[in-house]
Amino acid sequence: MKIATRPDHQHGATLMITLMLLSVIMLLGVATTSLLLLEERGARNHREHAQARLAAQAALEDACDDLRYHRHIDPEEFGAARACRTDAAGAGLCVGQPEHAGWEPAQLHGPRAISATYGQFTGRQFRALPGVPIPRYLIERLAPVDHKTAGRLAQEQASTPLYRLSAVGYGRHGAILALQALVRLPARPASAPASCPLRAWRPLYLTLTE
């Protein structure tokens with residue numbers, strides 16, 4: 001009597017096909033996991049930089065309130081046309097020119113920063129995340145544009161000087177973002193507008209060092 005048996009090579013082919021399918025499934029799983037990790041990392045980075053942007057915007061608003069209600073910049077208190085005050089009462093106050101800043105990046109952010117912190121002069125409280133620094137700002141009064149003919153424009157520049165506000169905000173895991181804005185305010189605090197009239201703003205790309 002003959003007993004039917006399957007050839008051994010059929011068992012080997014089934015094993016190879018099974019191993020190939022398992023390898024393909026494993027590769028698909030690894031690829032899917034990598035994509036999910038990349039998406040999660042990108043979402044986290046976006047959230048952290050969004051936190052830093054909101055902090056910088058808050059610092060710009062605080063700087064404007066500082067100018068409107070608390071401090072003013074007298075160019076005669078500075079020893080040069082482009083300089084910053086280094087005393088405690090003048091923290092974050094500078095003078096500059098429209099085409100040249102009166103401060104260095106290290107004065108805005110870092111261990112040698114002389115910028116003012118949020119609420120330092122306005123009394124506001126910033127709800128910073130644990131381990132995240134408080135945003136900082138610099139207020140820079142710009143020298144009036146030199147016009148050959150003195151007229152109405154020169155009088156307007158003297159009565160409503162132009163200021164350049166620079167702020168840096170922080171997020172978790174070392175996220176840093178800087179913003180800069182222009183605002184024109186009256187020289188007399190009593191005539192300050194009810195809100196901060198920002199004329200323009202832009203991201204500030206600096207070499208920010210720890």
Side-chain angles (χ1 to χ4, degrees), residues 38-71 73 81-85 90-122 124-145 157 160-185 192-193 195-210:
L38 288 175
E39 290 181 0
E40 192 275 336
R41 185 180 301 174
R44 185 175 66 248
N45 290 338
H46 177 75
R47 181 176 64 251
E48 292 165 356
H49 281 82
Q51 294 170 351
R53 175 180 289 274
L54 291 175
Q57 290 175 346
L60 287 180
E61 295 176 1
D62 194 58
C64 194
D65 279 351
D66 188 2
L67 268 178
R68 288 191 297 161
Y69 303 120
H70 300 279
R71 299 187 296 170
I73 299 178
R82 295 167 53 196
C84 294
R85 288 178 57 177
L93 300 184
C94 305
V95 290
Q97 298 173 342
E99 65 278 8
H100 297 293
W103 50 273
E104 300 293 334
Q107 294 176 307
L108 175 63
H109 160 83
R112 297 187 292 111
I114 59 171
S115 50
T117 57
Y118 183 97
Q120 182 176 352
F121 296 97
T122 62
R124 289 181 172 183
Q125 296 294 325
F126 186 81
R127 296 182 179 179
L129 297 172
V132 177
I134 298 176
R136 310 180 68 91
Y137 64 85
L138 287 171
I139 303 174
E140 186 181 8
R141 178 168 175 168
L142 302 182
V145 179
Q157 291 179 349
T160 56
L162 185 64
Y163 298 91
R164 184 161 52 204
L165 313 179
S166 304
V168 58
Y170 306 93
R172 288 181 173 175
H173 300 98
I176 300 175
L177 193 140
L179 297 175
Q180 195 171 74
L182 292 176
V183 59
R184 189 178 290 278
L185 292 173
S195 60
C196 186
L198 296 180
R199 300 173 65 93
W201 70 274
R202 69 183 180 95
L204 186 60
Y205 299 100
L206 298 173
T207 305
L208 298 176
T209 57
E210 296 291 344

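For clarity, every value in this text was computed on a predicted model and none was experimentally measured.
From D66, atom CG reaches atom OH of Y163 across 11.0 Å, with rounding to the nearest 0.5 Å. Summarising the geometry, atom CZ belonging to R164 is positioned 9.0 Å from atom CD belonging to Q97; distances are rounded to the nearest 0.5 Å. The distance from the SG atom of C94 to the CD1 atom of I114 is 5.0 Å, given to the nearest 0.5 Å. Between the CZ atom in R71 and the CG atom in L93 there is a gap of 4.0 Å [rounded to 0.5 Å].
The two atoms that bring H70 and D65 nearest to each other are CD2-O, 3.5 Å, heavy atoms only. The two atoms that bring R124 and D62 nearest to each other are CD-OD1, 3.2 Å, heavy atoms only. Contact detail for A63 and I139: the closest heavy-atom pair is O-CD1, 3.5 Å. When all heavy atoms of F121 and A116 are compared, the closest pair comes out as CE1-CB, 3.9 Å. Scanning all heavy atoms of the two residues, the minimum distance from A167 to A59 falls at CB-CB, 3.6 Å. In terms of heavy-atom proximity, Q51 sits nearest to L129 at OE1-CD1, 3.5 Å.
Residues forming a side chain to side chain contact (heavy atoms under 4.5 Å, CB included) with Q57 (at least two apart in sequence, or on another chain): R53, L54, L179. When the side chain to side chain donor-acceptor pair (under 3.5 Å) test is applied to Q120, the partners found at least two apart in sequence or on another chain are T117.
A donor-acceptor pair is defined here as one N or O able to donate and one able to accept, closer than 3.5 Å; such a pair exists between the side chain of E140 and the backbone of G102. R136 places no side-chain N or O within donor-acceptor distance of the main-chain N or O of H109, the cut-off being under 3.5 Å. Of the possible polar contacts, one joining the R184 side chain to the T160 backbone as a donor-acceptor pair under 3.5 Å is found.
Within a 6.0 Å radius of CD in E99, more than 12 heavy atoms belonging to other residues, nucleotides or ligands are found.
For the pair L165/Y137, no side-chain contact is recorded, criterion being any heavy-atom separation below 4.5 Å from C-beta on. For the pair Y69/T122, no side-chain contact is recorded, criterion being any heavy-atom separation below 4.5 Å from C-beta on. Using a 4.5 Å heavy-atom threshold, the side chains of S166 and W103 count as touching.
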